[in-house]
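These notes are about the structure you will find just below.
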There are 2 protein chains.
Amino acid sequence: MEEAEKVTHRRGYGVSTVYETLRNEIIELKLAPGSPIDEQQLSDRFSLSRTPIREALVRLSADGLITTLTNRATIVSNIDFLGLSEFFDALTLMYRVTTRLGALNRTTDDIARIRDLQKDFALAVAERDVLGMITTNRDFHAAIAVAGKNRYYVDLFTRLLDEGRRILRLYYSSFNDVLPRQYVGEHEDMIQAIINRDADAADHLATAHADQIVRQIRSYIATDGRQNTDLKI
Amino acid sequence: MEEAEKVTHRRGYGVSTVYETLRNEIIELKLAPGSPIDEQQLSDRFSLSRTPIREALVRLSADGLITTLTNRATIVSNIDFLGLSEFFDALTLMYRVTTRLGALNRTTDDIARIRDLQKDFALAVAERDVLGMITTNRDFHAAIAVAGKNRYYVDLFTRLLDEGRRILRLYYSSFNDVLPRQYVGEHEDMIQAIINRDADAADHLATAHADQIVRQIRSYIATDGRQNTDLKI
DNA sequence: TGTATTTTATTTGTCGACAAAGACCCTTTG
DNA sequence: CAAAGGGTCTTTGTCGACAAATAAAATACA
(Lines give C-alpha, C1' and ligand atoms only; values in the text may rest on other atoms or scores of the structure.)
Protein backbone atom coordinates (compact mmCIF):
# COMPACT_ATOMS: atom_id res chain seq x y z
CA MET A 1 0.00 0.00 0.00
CA GLU A 2 2.27 2.74 1.30
CA GLU A 3 5.71 3.05 -0.21
CA ALA A 4 8.31 3.12 2.54
CA GLU A 5 11.03 5.66 1.81
CA LYS A 6 13.98 3.89 3.39
CA VAL A 7 16.45 6.75 3.41
CA THR A 8 19.22 7.21 5.91
CA HIS A 9 19.13 10.92 6.70
CA ARG A 10 22.13 13.14 7.20
CA ARG A 11 21.98 14.29 10.78
CA GLY A 12 19.93 17.48 11.07
CA TYR A 13 18.21 17.23 7.70
CA GLY A 14 15.63 14.59 8.51
CA VAL A 15 13.19 17.14 9.93
CA SER A 16 13.15 19.29 6.82
CA THR A 17 12.56 16.23 4.65
CA VAL A 18 9.56 15.23 6.71
CA TYR A 19 8.34 18.83 6.83
CA GLU A 20 8.55 19.37 3.09
CA THR A 21 7.10 15.98 2.20
CA LEU A 22 4.10 16.37 4.45
CA ARG A 23 3.66 20.00 3.44
CA ASN A 24 3.37 18.97 -0.19
CA GLU A 25 1.03 16.11 0.57
CA ILE A 26 -1.25 18.39 2.54
CA ILE A 27 -1.31 21.12 -0.09
CA GLU A 28 -1.89 18.60 -2.86
CA LEU A 29 -4.68 17.01 -0.85
CA LYS A 30 -2.95 13.64 -0.75
CA LEU A 31 -3.67 14.01 2.92
CA ALA A 32 -7.34 14.86 3.27
CA PRO A 33 -8.37 17.84 5.40
CA GLY A 34 -9.48 16.60 8.80
CA SER A 35 -7.66 13.29 8.53
CA PRO A 36 -5.69 12.31 11.64
CA ILE A 37 -1.91 12.23 11.69
CA ASP A 38 -0.27 9.23 13.32
CA GLU A 39 3.19 9.98 14.68
CA GLN A 40 4.08 6.33 15.02
CA GLN A 41 3.18 5.65 11.42
CA LEU A 42 5.26 8.58 10.18
CA SER A 43 8.08 7.40 12.39
CA ASP A 44 8.05 4.05 10.63
CA ARG A 45 7.62 5.58 7.20
CA PHE A 46 10.61 7.89 7.40
CA SER A 47 12.64 5.56 9.64
CA LEU A 48 13.11 8.29 12.20
CA SER A 49 12.23 8.39 15.85
CA ARG A 50 9.18 10.32 16.96
CA THR A 51 11.23 13.33 18.13
CA PRO A 52 12.17 14.70 14.68
CA ILE A 53 8.72 13.82 13.36
CA ARG A 54 7.21 15.89 16.13
CA GLU A 55 9.48 18.80 15.31
CA ALA A 56 8.28 18.76 11.71
CA LEU A 57 4.68 18.69 12.94
CA VAL A 58 5.26 21.75 15.10
CA ARG A 59 6.49 23.58 12.03
CA LEU A 60 3.46 22.53 10.00
CA SER A 61 1.28 23.66 12.84
CA ALA A 62 2.93 27.10 12.75
CA ASP A 63 2.05 27.25 9.05
CA GLY A 64 -1.53 26.48 9.92
CA LEU A 65 -1.47 23.34 7.83
CA ILE A 66 -2.21 21.01 10.73
CA THR A 67 -4.14 21.50 13.94
CA THR A 68 -2.97 20.02 17.21
CA LEU A 69 -5.30 19.51 20.12
CA THR A 70 -3.17 19.28 23.24
CA ASN A 71 -2.96 15.78 24.65
CA ARG A 72 -5.34 14.70 21.93
CA ALA A 73 -5.08 13.99 18.23
CA THR A 74 -3.45 16.15 15.59
CA ILE A 75 -5.26 16.46 12.26
CA VAL A 76 -4.75 18.01 8.85
CA SER A 77 -6.34 21.45 9.04
CA ASN A 78 -9.75 21.78 7.53
CA ILE A 79 -10.35 24.21 4.71
CA ASP A 80 -12.21 27.11 6.23
CA PHE A 81 -15.09 27.76 3.89
CA LEU A 82 -16.67 30.17 6.32
CA GLY A 83 -13.69 32.49 6.21
CA LEU A 84 -13.39 32.50 2.45
CA SER A 85 -14.12 36.19 2.00
CA GLU A 86 -11.26 37.06 4.33
CA PHE A 87 -9.09 34.80 2.24
CA PHE A 88 -10.16 36.33 -1.05
CA ASP A 89 -9.77 39.84 0.30
CA ALA A 90 -6.22 39.23 1.45
CA LEU A 91 -5.38 37.31 -1.71
CA THR A 92 -6.55 40.16 -3.92
CA LEU A 93 -4.60 42.74 -1.96
CA MET A 94 -1.45 40.63 -2.16
CA TYR A 95 -1.90 40.06 -5.88
CA ARG A 96 -2.04 43.82 -6.31
CA VAL A 97 0.79 44.83 -4.05
CA THR A 98 3.24 42.15 -5.17
CA THR A 99 2.63 42.76 -8.86
CA ARG A 100 2.97 46.50 -8.33
CA LEU A 101 6.24 46.08 -6.47
CA GLY A 102 7.37 43.53 -9.02
CA ALA A 103 7.05 46.18 -11.71
CA LEU A 104 9.01 48.66 -9.63
CA ASN A 105 11.81 46.48 -8.31
CA ARG A 106 12.32 43.69 -10.84
CA THR A 107 15.76 43.00 -12.26
CA THR A 108 16.37 41.48 -15.69
CA ASP A 109 17.09 38.17 -13.94
CA ASP A 110 13.67 38.33 -12.33
CA ILE A 111 12.06 38.81 -15.71
CA ALA A 112 13.86 35.77 -17.10
CA ARG A 113 12.64 33.65 -14.20
CA ILE A 114 9.09 34.93 -14.52
CA ARG A 115 9.08 34.24 -18.26
CA ASP A 116 10.30 30.68 -17.70
CA LEU A 117 7.52 30.00 -15.27
CA GLN A 118 4.94 31.53 -17.57
CA LYS A 119 6.22 29.15 -20.25
CA ASP A 120 5.63 26.24 -17.87
CA PHE A 121 2.15 27.50 -17.15
CA ALA A 122 1.28 27.93 -20.82
CA LEU A 123 2.54 24.41 -21.46
CA ALA A 124 0.39 22.97 -18.72
CA VAL A 125 -2.63 24.77 -20.15
CA ALA A 126 -1.85 23.54 -23.67
CA GLU A 127 -1.59 19.99 -22.42
CA ARG A 128 -4.75 20.35 -20.35
CA ASP A 129 -2.68 19.27 -17.33
CA VAL A 130 -4.95 20.74 -14.68
CA LEU A 131 -2.82 19.81 -11.67
CA GLY A 132 0.26 21.21 -13.41
CA MET A 133 -1.62 24.42 -14.10
CA ILE A 134 -2.38 24.91 -10.43
CA THR A 135 1.23 24.60 -9.33
CA THR A 136 2.82 26.50 -12.20
CA ASN A 137 0.34 29.32 -11.75
CA ARG A 138 1.32 29.53 -8.11
CA ASP A 139 5.02 29.55 -8.95
CA PHE A 140 4.51 32.26 -11.54
CA HIS A 141 2.89 34.66 -9.09
CA ALA A 142 5.30 33.74 -6.32
CA ALA A 143 8.18 34.69 -8.64
CA ILE A 144 6.61 38.08 -9.28
CA ALA A 145 6.32 38.58 -5.54
CA VAL A 146 9.98 37.69 -5.09
CA ALA A 147 10.86 40.22 -7.77
CA GLY A 148 8.99 42.77 -5.66
CA LYS A 149 11.62 42.31 -2.96
CA ASN A 150 9.51 42.53 0.16
CA ARG A 151 9.78 39.43 2.31
CA TYR A 152 6.69 40.22 4.36
CA TYR A 153 4.54 40.25 1.26
CA VAL A 154 6.29 37.19 -0.12
CA ASP A 155 5.61 35.27 3.07
CA LEU A 156 1.94 36.14 3.31
CA PHE A 157 1.35 35.75 -0.42
CA THR A 158 2.93 32.31 -0.69
CA ARG A 159 0.91 31.20 2.30
CA LEU A 160 -2.25 32.44 0.61
CA LEU A 161 -1.30 30.90 -2.73
CA ASP A 162 -0.71 27.54 -1.11
CA GLU A 163 -3.99 27.72 0.73
CA GLY A 164 -5.55 28.51 -2.63
CA ARG A 165 -3.90 25.46 -4.13
CA ARG A 166 -5.71 23.27 -1.65
CA ILE A 167 -9.03 24.84 -2.53
CA LEU A 168 -8.45 24.61 -6.27
CA ARG A 169 -7.52 20.94 -6.01
CA LEU A 170 -10.93 20.31 -4.55
CA TYR A 171 -12.55 21.56 -7.71
CA TYR A 172 -10.00 20.79 -10.37
CA SER A 173 -12.35 18.31 -12.00
CA SER A 174 -14.71 21.19 -12.83
CA PHE A 175 -12.03 22.98 -14.80
CA ASN A 176 -12.68 23.64 -18.42
CA ASP A 177 -10.06 24.96 -20.81
CA VAL A 178 -11.74 28.27 -21.56
CA LEU A 179 -10.78 30.36 -18.56
CA PRO A 180 -7.24 29.03 -18.19
CA ARG A 181 -6.49 30.19 -21.73
CA GLN A 182 -7.63 33.63 -20.73
CA TYR A 183 -5.23 33.46 -17.78
CA VAL A 184 -2.32 32.87 -20.13
CA GLY A 185 -3.10 36.13 -21.90
CA GLU A 186 -3.54 38.00 -18.63
CA HIS A 187 -0.20 36.70 -17.45
CA GLU A 188 1.45 37.96 -20.65
CA ASP A 189 -0.02 41.41 -20.09
CA MET A 190 1.27 41.44 -16.54
CA ILE A 191 4.75 40.48 -17.67
CA GLN A 192 4.70 43.33 -20.18
CA ALA A 193 3.67 45.83 -17.50
CA ILE A 194 6.43 44.54 -15.23
CA ILE A 195 9.00 44.88 -18.00
CA ASN A 196 7.80 48.44 -18.65
CA ARG A 197 8.08 49.21 -14.94
CA ASP A 198 4.50 50.41 -15.21
CA ALA A 199 3.30 49.96 -11.63
CA ASP A 200 -0.19 51.30 -12.18
CA ALA A 201 -0.83 49.04 -15.14
CA ALA A 202 0.55 46.09 -13.17
CA ASP A 203 -1.71 46.94 -10.27
CA HIS A 204 -4.73 47.25 -12.53
CA LEU A 205 -4.05 43.96 -14.29
CA ALA A 206 -3.44 42.17 -11.01
CA THR A 207 -6.73 43.42 -9.64
CA ALA A 208 -8.62 42.18 -12.68
CA HIS A 209 -6.75 38.87 -12.57
CA ALA A 210 -7.51 38.38 -8.89
CA ASP A 211 -11.17 39.25 -9.35
CA GLN A 212 -11.34 36.76 -12.17
CA ILE A 213 -9.84 33.98 -10.08
CA VAL A 214 -11.99 34.76 -7.07
CA ARG A 215 -15.12 34.75 -9.23
CA GLN A 216 -14.18 31.42 -10.73
CA ILE A 217 -13.49 29.73 -7.39
CA ARG A 218 -16.74 31.14 -6.02
CA SER A 219 -18.64 29.67 -8.95
CA TYR A 220 -17.04 26.26 -8.39
CA ILE A 221 -18.13 26.33 -4.79
CA ALA A 222 -21.63 27.54 -5.58
CA THR A 223 -22.31 24.77 -8.08
CA ASP A 224 -20.89 22.11 -5.83
CA GLY A 225 -22.42 22.41 -2.39
CA ARG A 226 -19.53 20.56 -0.84
CA GLN A 227 -18.76 23.59 1.30
CA ASN A 228 -21.29 22.47 3.85
CA THR A 229 -19.22 19.50 4.93
CA ASP A 230 -17.69 21.67 7.61
CA LEU A 231 -20.93 23.02 8.95
CA LYS A 232 -22.03 20.01 10.93
CA ILE A 233 -24.56 21.42 13.38
CA MET B 1 21.59 36.37 39.07
CA GLU B 2 18.87 34.52 37.20
CA GLU B 3 15.63 33.79 38.98
CA ALA B 4 14.73 30.13 38.64
CA GLU B 5 11.02 29.67 38.02
CA LYS B 6 10.47 26.36 39.80
CA VAL B 7 7.05 25.50 38.46
CA THR B 8 5.72 22.03 37.93
CA HIS B 9 3.95 22.19 34.58
CA ARG B 10 0.70 20.51 33.70
CA ARG B 11 1.50 17.99 31.02
CA GLY B 12 1.27 19.59 27.58
CA TYR B 13 1.40 23.19 28.73
CA GLY B 14 5.09 23.50 29.46
CA VAL B 15 5.96 24.27 25.84
CA SER B 16 3.57 27.20 25.58
CA THR B 17 4.92 28.65 28.81
CA VAL B 18 8.46 28.52 27.50
CA TYR B 19 7.35 29.84 24.13
CA GLU B 20 5.47 32.81 25.54
CA THR B 21 8.12 33.66 28.10
CA LEU B 22 10.94 33.65 25.59
CA ARG B 23 8.82 35.44 23.03
CA ASN B 24 8.25 38.29 25.44
CA GLU B 25 11.86 38.44 26.48
CA ILE B 26 12.98 38.62 22.87
CA ILE B 27 10.47 41.32 21.92
CA GLU B 28 11.28 43.33 25.03
CA LEU B 29 14.99 43.00 24.28
CA LYS B 30 15.68 41.25 27.58
CA LEU B 31 17.38 38.80 25.27
CA ALA B 32 19.71 40.78 23.06
CA PRO B 33 19.58 40.26 19.29
CA GLY B 34 22.37 37.95 18.24
CA SER B 35 22.82 36.46 21.70
CA PRO B 36 23.13 32.66 21.76
CA ILE B 37 20.42 30.45 23.21
CA ASP B 38 21.56 27.63 25.48
CA GLU B 39 19.13 24.73 25.52
CA GLN B 40 20.69 23.20 28.61
CA GLN B 41 20.36 26.46 30.51
CA LEU B 42 16.71 26.85 29.55
CA SER B 43 16.15 23.24 30.50
CA ASP B 44 17.42 24.00 34.00
CA ARG B 45 15.57 27.28 34.24
CA PHE B 46 12.13 25.88 33.42
CA SER B 47 12.83 22.48 34.98
CA LEU B 48 11.91 20.73 31.78
CA SER B 49 13.88 18.32 29.65
CA ARG B 50 15.42 19.57 26.44
CA THR B 51 12.66 18.07 24.28
CA PRO B 52 9.88 20.56 25.15
CA ILE B 53 12.40 23.40 25.18
CA ARG B 54 13.36 22.46 21.67
CA GLU B 55 9.74 22.41 20.59
CA ALA B 56 9.28 25.96 21.85
CA LEU B 57 12.39 27.02 19.98
CA VAL B 58 11.04 25.58 16.75
CA ARG B 59 7.94 27.70 17.19
CA LEU B 60 9.98 30.83 17.84
CA SER B 61 12.00 30.03 14.77
CA ALA B 62 8.82 29.86 12.71
CA ASP B 63 7.97 33.34 14.00
CA GLY B 64 11.37 34.52 12.84
CA LEU B 65 12.32 35.52 16.36
CA ILE B 66 15.27 33.15 16.57
CA THR B 67 17.62 31.79 13.94
CA THR B 68 18.83 28.21 14.03
CA LEU B 69 21.93 27.13 12.18
CA THR B 70 21.68 23.39 11.69
CA ASN B 71 24.10 21.42 13.85
CA ARG B 72 25.42 24.74 15.14
CA ALA B 73 24.21 27.40 17.54
CA THR B 74 20.79 29.00 17.68
CA ILE B 75 20.68 32.74 18.32
CA VAL B 76 18.13 35.49 18.90
CA SER B 77 17.41 36.95 15.46
CA ASN B 78 19.17 40.14 14.62
CA ILE B 79 17.17 43.22 13.81
CA ASP B 80 17.49 43.63 10.07
CA PHE B 81 18.36 47.28 9.56
CA LEU B 82 19.07 46.67 5.90
CA GLY B 83 15.51 45.54 5.27
CA LEU B 84 13.88 48.39 7.12
CA SER B 85 12.18 49.91 4.09
CA GLU B 86 10.46 46.61 3.39
CA PHE B 87 9.35 46.61 6.98
CA PHE B 88 8.04 50.16 6.88
CA ASP B 89 6.29 49.56 3.60
CA ALA B 90 4.45 46.52 4.89
CA LEU B 91 3.73 48.20 8.21
CA THR B 92 2.14 51.20 6.51
CA LEU B 93 0.00 49.04 4.27
CA MET B 94 -1.21 47.01 7.23
CA TYR B 95 -1.96 50.14 9.24
CA ARG B 96 -4.12 51.33 6.39
CA VAL B 97 -5.93 48.12 5.58
CA THR B 98 -6.65 47.11 9.18
CA THR B 99 -7.93 50.53 10.16
CA ARG B 100 -10.08 50.66 7.06
CA LEU B 101 -11.56 47.24 7.76
CA GLY B 102 -11.91 48.15 11.42
CA ALA B 103 -14.17 51.02 10.41
CA LEU B 104 -16.24 48.75 8.19
CA ASN B 105 -16.57 45.67 10.39
CA ARG B 106 -16.33 46.86 14.00
CA THR B 107 -19.00 45.92 16.50
CA THR B 108 -19.87 48.01 19.53
CA ASP B 109 -17.89 45.56 21.65
CA ASP B 110 -14.85 46.20 19.48
CA ILE B 111 -15.21 49.93 20.06
CA ALA B 112 -15.34 49.42 23.82
CA ARG B 113 -12.17 47.36 23.73
CA ILE B 114 -10.38 49.86 21.51
CA ARG B 115 -11.38 52.72 23.80
CA ASP B 116 -10.08 50.86 26.85
CA LEU B 117 -6.73 50.34 25.22
CA GLN B 118 -6.54 53.95 24.09
CA LYS B 119 -7.15 54.90 27.75
CA ASP B 120 -4.19 52.73 28.74
CA PHE B 121 -2.06 54.35 26.08
CA ALA B 122 -3.03 57.89 27.13
CA LEU B 123 -2.21 56.98 30.73
CA ALA B 124 1.22 55.67 29.79
CA VAL B 125 1.88 58.87 27.87
CA ALA B 126 0.70 61.03 30.78
CA GLU B 127 2.98 59.16 33.16
CA ARG B 128 5.88 59.33 30.70
CA ASP B 129 6.08 55.53 30.94
CA VAL B 130 7.90 54.97 27.69
CA LEU B 131 7.98 51.18 27.82
CA GLY B 132 4.29 51.14 28.67
CA MET B 133 3.61 53.41 25.71
CA ILE B 134 5.25 50.99 23.33
CA THR B 135 3.18 48.00 24.42
CA THR B 136 -0.15 49.80 24.84
CA ASN B 137 0.26 51.42 21.43
CA ARG B 138 0.79 47.98 19.93
CA ASP B 139 -2.27 46.58 21.71
CA PHE B 140 -4.39 49.49 20.53
CA HIS B 141 -3.63 48.93 16.89
CA ALA B 142 -3.86 45.16 17.23
CA ALA B 143 -7.38 45.60 18.64
CA ILE B 144 -8.38 47.69 15.62
CA ALA B 145 -7.03 44.94 13.37
CA VAL B 146 -9.07 42.35 15.26
CA ALA B 147 -12.16 44.52 14.80
CA GLY B 148 -11.41 44.39 11.06
CA LYS B 149 -12.07 40.63 11.17
CA ASN B 150 -9.47 39.36 8.75
CA ARG B 151 -7.14 36.85 10.34
CA TYR B 152 -4.53 37.11 7.60
CA TYR B 153 -4.13 40.81 8.19
CA VAL B 154 -4.21 40.33 11.95
CA ASP B 155 -1.43 37.76 11.76
CA LEU B 156 0.87 39.82 9.57
CA PHE B 157 0.13 43.05 11.39
CA THR B 158 0.81 41.68 14.87
CA ARG B 159 4.04 40.20 13.59
CA LEU B 160 5.03 43.59 12.21
CA LEU B 161 3.95 45.42 15.35
CA ASP B 162 6.03 43.11 17.51
CA GLU B 163 9.02 43.52 15.26
CA GLY B 164 8.45 47.26 15.62
CA ARG B 165 8.41 46.90 19.39
CA ARG B 166 11.91 45.49 19.29
CA ILE B 167 13.15 48.38 17.19
CA LEU B 168 11.44 51.01 19.34
CA ARG B 169 12.93 49.51 22.49
CA LEU B 170 16.34 50.13 21.04
CA TYR B 171 15.64 53.84 20.91
CA TYR B 172 13.21 54.37 23.73
CA SER B 173 15.73 56.47 25.61
CA SER B 174 15.56 59.03 22.80
CA PHE B 175 11.82 59.50 23.28
CA ASN B 176 10.58 62.91 24.21
CA ASP B 177 7.02 63.60 25.24
CA VAL B 178 6.11 65.84 22.32
CA LEU B 179 5.34 63.32 19.61
CA PRO B 180 3.61 60.75 21.81
CA ARG B 181 1.10 63.42 22.83
CA GLN B 182 0.39 63.95 19.18
CA TYR B 183 -0.20 60.22 18.84
CA VAL B 184 -2.90 60.34 21.48
CA GLY B 185 -4.81 62.86 19.41
CA GLU B 186 -4.32 60.87 16.22
CA HIS B 187 -5.63 57.78 17.97
CA GLU B 188 -8.73 59.68 19.05
CA ASP B 189 -9.40 60.76 15.48
CA MET B 190 -9.03 57.19 14.29
CA ILE B 191 -11.49 55.96 16.90
CA GLN B 192 -13.98 58.56 15.75
CA ALA B 193 -13.63 57.50 12.12
CA ILE B 194 -14.10 53.87 13.14
CA ILE B 195 -17.21 54.70 15.11
CA ASN B 196 -18.59 56.62 12.11
CA ARG B 197 -17.83 53.65 9.89
CA ASP B 198 -15.96 56.12 7.69
CA ALA B 199 -13.51 53.82 5.95
CA ASP B 200 -11.89 56.50 3.81
CA ALA B 201 -11.24 58.78 6.77
CA ALA B 202 -9.86 55.83 8.74
CA ASP B 203 -7.59 54.94 5.85
CA HIS B 204 -6.39 58.51 5.52
CA LEU B 205 -5.70 58.87 9.23
CA ALA B 206 -3.91 55.53 9.37
CA THR B 207 -1.68 56.54 6.49
CA ALA B 208 -0.72 59.79 8.19
CA HIS B 209 -0.19 58.00 11.50
CA ALA B 210 2.01 55.37 9.90
CA ASP B 211 4.06 57.95 8.03
CA GLN B 212 4.53 59.83 11.27
CA ILE B 213 5.77 56.74 13.10
CA VAL B 214 8.03 55.69 10.26
CA ARG B 215 9.53 59.16 10.10
CA GLN B 216 10.17 59.16 13.82
CA ILE B 217 11.86 55.76 13.88
CA ARG B 218 13.96 56.78 10.89
CA SER B 219 15.10 59.89 12.71
CA TYR B 220 16.05 57.85 15.77
CA ILE B 221 18.15 55.59 13.63
CA ALA B 222 19.75 58.43 11.70
CA THR B 223 20.89 60.25 14.83
CA ASP B 224 22.20 57.08 16.38
CA GLY B 225 24.42 55.31 13.90
CA ARG B 226 23.92 52.00 15.65
CA GLN B 227 22.42 50.55 12.49
CA ASN B 228 25.85 49.76 11.18
CA THR B 229 26.44 47.05 13.76
CA ASP B 230 25.10 44.51 11.30
CA LEU B 231 27.12 45.67 8.35
CA LYS B 232 30.40 44.03 9.27
CA ILE B 233 32.25 43.89 5.98
C1' DT C 1 -32.32 -1.17 26.47
C1' DG C 2 -29.93 2.73 27.57
C1' DT C 3 -26.86 5.09 30.68
C1' DA C 4 -23.04 5.27 34.33
C1' DT C 5 -18.73 3.41 35.80
C1' DT C 6 -14.77 0.86 35.80
C1' DT C 7 -11.07 -1.35 33.06
C1' DT C 8 -8.06 -1.63 29.26
C1' DA C 9 -5.65 0.17 25.34
C1' DT C 10 -3.81 3.76 22.62
C1' DT C 11 -1.60 7.89 22.01
C1' DT C 12 0.84 11.96 23.53
C1' DG C 13 4.28 14.59 26.18
C1' DT C 14 8.45 14.19 28.60
C1' DC C 15 12.70 12.25 30.08
C1' DG C 16 17.71 10.77 30.27
C1' DA C 17 21.12 8.90 27.46
C1' DC C 18 24.09 8.63 23.51
C1' DA C 19 26.43 9.64 19.26
C1' DA C 20 27.45 12.83 15.40
C1' DA C 21 28.90 17.46 14.23
C1' DG C 22 31.20 21.27 15.10
C1' DA C 23 34.01 24.53 18.19
C1' DC C 24 38.12 25.08 20.53
C1' DC C 25 42.86 24.52 21.59
C1' DC C 26 47.22 22.84 20.91
C1' DT C 27 50.87 21.12 18.18
C1' DT C 28 53.22 20.47 13.94
C1' DT C 29 55.17 21.85 9.64
C1' DG C 30 56.09 24.37 5.45
C1' DC D 1 54.83 32.96 11.53
C1' DA D 2 50.69 31.34 9.14
C1' DA D 3 48.29 27.43 7.80
C1' DA D 4 47.21 22.63 8.42
C1' DG D 5 46.47 18.75 11.17
C1' DG D 6 45.04 16.32 15.28
C1' DG D 7 43.01 15.71 19.71
C1' DT D 8 39.65 17.18 23.25
C1' DC D 9 35.44 19.31 24.76
C1' DT D 10 30.89 21.18 24.13
C1' DT D 11 26.58 21.29 21.89
C1' DT D 12 23.07 19.44 18.92
C1' DG D 13 20.07 15.90 16.84
C1' DT D 14 18.18 11.53 17.62
C1' DC D 15 16.79 7.55 20.06
C1' DG D 16 14.05 4.24 23.03
C1' DA D 17 11.56 4.13 27.12
C1' DC D 18 8.14 5.57 30.38
C1' DA D 19 4.19 7.90 32.39
C1' DA D 20 0.21 11.06 32.04
C1' DA D 21 -3.92 11.92 29.47
C1' DT D 22 -7.44 10.52 26.81
C1' DA D 23 -10.13 7.26 24.00
C1' DA D 24 -12.26 2.79 23.59
C1' DA D 25 -14.13 -1.21 25.45
C1' DA D 26 -16.19 -3.80 28.91
C1' DT D 27 -19.02 -4.12 32.66
C1' DA D 28 -22.44 -2.87 36.01
C1' DC D 29 -26.69 -0.91 36.95
C1' DA D 30 -31.28 1.31 36.50
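Residue numbers start from 1 in every chain, and the chains themselves are labelled A, B, ... in the order their sequence lines are given, proteins ahead of strands. Treat the numbers as computed from the prediction; the structure is a model and nothing was measured.
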Side-chain contact check for A/Arg11: nearest option of C/dA20, C/dC15, D/dA17 is C/dA20
What's the closest nucleotide to the side chain of B/Leu48 if the choices are D/dT12, D/dT14, C/dC15?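 Minimum distance to the B/Leu48 side chain belongs to C/dC15.
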Which whole-number value in Å describes the distance from [X] [atom1] to [N] [atom2]?
{"X": "B/His9", "N": "C/dC15", "atom1": "NE2", "atom2": "P", "answer": "8 Å"}
{"X": "A/Gln40", "N": "D/dA17", "atom1": "CD", "atom2": "P", "answer": "11 Å"}
{"X": "B/Arg50", "N": "D/dT12", "atom1": "CZ", "atom2": "P", "answer": "7 Å"}
{"X": "A/Glu39", "N": "D/dT14", "atom1": "CD", "atom2": "C1'", "answer": "15 Å"}
{"X": "B/Leu57", "N": "D/dT12", "atom1": "CG", "atom2": "P", "answer": "9 Å"}
{"X": "A/Arg72", "N": "C/dA9", "atom1": "CZ", "atom2": "P", "answer": "22 Å"}
{"X": "A/Asp38", "N": "D/dA23", "atom1": "CG", "atom2": "P", "answer": "16 Å"}
{"X": "A/Tyr13", "N": "C/dA21", "atom1": "OH", "atom2": "C1'", "answer": "10 Å"}

Looking at D/dC15, I'd like to know if its phosphate oxygens (OP1 or OP2) sit under 4.0 Å from a side-chain N or O belonging to A/Ser49. yes
Flag, side chain of B/His187 to backbone of B/Ala122, donor-acceptor distance under 3.5 Å: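 No, B/His187 side chain to B/Ala122 backbone: no donor-acceptor pair under 3.5 Å.
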Looking at A/Asp162 and A/Ile27, would you say the former's side chain and the latter's main chain have a donor-acceptor pair under 3.5 Å? no
Of the options A/Val18, A/Thr74, A/Leu22, which is the one that meets A/Leu60 in a side-chain contact (heavy atoms from CB on, under 4.5 Å)? A/Leu22
What's the verdict on side chain to side chain contact (heavy atoms under 4.5 Å, CB included) for B/Tyr152 and A/Met94, showing C-alpha distance, side-chain angles and the deciding distance? CA-CA 11 Å; B/Tyr152 301 100; A/Met94 284 301 112; over 6 Å; no
Answer yes or no: is there a side-chain heavy-atom contact under 4.5 Å between A/Arg100 and A/Tyr153?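 A/Arg100 vs A/Tyr153: side chains apart.
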In residues 60-71 of chain B, which ones come under 4.0 Å of DNA chain D, going by heavy atoms? B/Thr70, B/Asn71
For B/Pro52 and for A/Ile37, locate the closest nucleotide of DNA chain C by heavy-atom distance; then report the residue assigned to the nucleotide nearer the 5' terminus. A/Ile37
Looking only at heavy atoms, what is the nearest atom pair of A/Pro33 and A/Arg166, with distance?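 For A/Pro33 versus A/Arg166, the nearest heavy atoms are CG-NH2, 3.5 Å.
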Would you check if there is a donor-acceptor pair between the side chains of A/Thr136 and A/Asp139 at a distance under 3.5 Å?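 No pair is found: no donor N or O on one side chain lies under 3.5 Å from an acceptor on the other.
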Could you say whether B/Arg10 or A/Arg10 is positioned toward the 5' end of DNA chain D, judged by the nucleotide with the nearest heavy atom to each?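 Per heavy-atom nearest nucleotide, the more 5' residue is A/Arg10.
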